[in-house]
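This report concerns only the one structure given below.
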Amino acid sequence: MNSSLEQLVNLSKLDTQIDSYNPKIEAINAKLEAKKGSINALVEKKHEIQNSITRLEALISDTNRQIAEQGEKMKKISARSSSLKKEKEIEATQTEETLGKEQLESLNEDIERNEKAVEIKKADLKELDEKINEANTELKELENETASSLKEIEDSKKELYKQKDALLAKINQKVLEFYEKIRKWAKNTAVVPMKKQACYGCFMRVNDKTFSEVVHSESITTCPHCGRILYSEINEGEIITEPVVAKKTTAKKTTTKTTTKKTTKKTADESVEE
Ligand SMILES: [Zn+2]
């Protein structure tokens, strides 16, 4: 194989290998992000509960203030009632006292209800804290696990980059530019094999001239349909030594003949289809 072509085939294989790690890295990062996301959701819920506890406690404190006020009012009423003589005034004061007591009861009920709510919310908070701790532990474990996988990937990538650098130092600059230009759109299929006279990038059949050029691989040949760089998977040695072998052994010649026949037949078939 032409040395530049051979270098491009190797370079393309290295680039493909390097890129193959990206989905793995993305999958690991996605897993970590998902875990962090679930922890954030729990923390947000915790803040919501804390806020409602604060609101309830402020409510309780306000009710306590109202109870104190009500107590003062009741004291005044009872002080006043002892000095009253007129029946009507006594009755009115008694009604006031009864109403005041009812109000106190209602305020005390409010406190009891709100205190119970605080208790429930504090229990929820405790449960949530446990969940957050658990999730944080899981995250740490995941980070440890993935750190080693990421390290392995990094090491493998480093090794591949080393090989790539060595290759880039040898490769012809023009050839490299040509490859990079194709790689821009073809990504990891910039250099593809030709199999059964078809380009393995666009899967179109190449003409006999291109086929022959690719098989002999004396220069860099591109697919006439898509422009990808083609290389032959047929062992170059077989082709170059073919005439020599053919002279020496008839068996090999027969094989070669059969192959040629098949190709010719296929060409005929395909031209019919066209
Ligand atoms: Zn093609």
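Whatever order the structure lists them in is the order used to number ligands and atoms, beginning at 1. Every heavy atom of this structure was used, including side-chain atoms; hydrogens, water molecules and symmetry mates were not.
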Angle in degrees, rounded to 10°, that SG of Cys202 and SG of Cys199 form at the Zn ion (ligand 1) = 110°
Any N, O or S atom of His225 closer than 2.8 Å to the Zn ion (ligand 1) = no
Sole residue of Lys101, Arg80, Lys76 in salt bridge (Lys or Arg N to Asp or Glu O under 4.0 Å) with Glu96 = Arg80
query = Without hydrogens or angle criteria, can the side chains of Gln66 and Asp62 be said to hold a donor-acceptor pair below 3.5 Å?
reply = yes
task = Please answer whether the main-chain N or O of Glu57 pairs with a side-chain N or O of Ser61 as donor and acceptor at a distance below 3.5 Å.
result = no
request  = Under the side-chain contact (heavy atoms from CB on, under 4.5 Å) rule, collect the residues that match up with Asn51, sequence neighbours excluded.
outcome  = Arg55
request  = To the nearest 10 degrees, could you say what angle the Zn ion (ligand 1) makes with SG of Cys223 and SG of Cys226?
outcome  = 110°
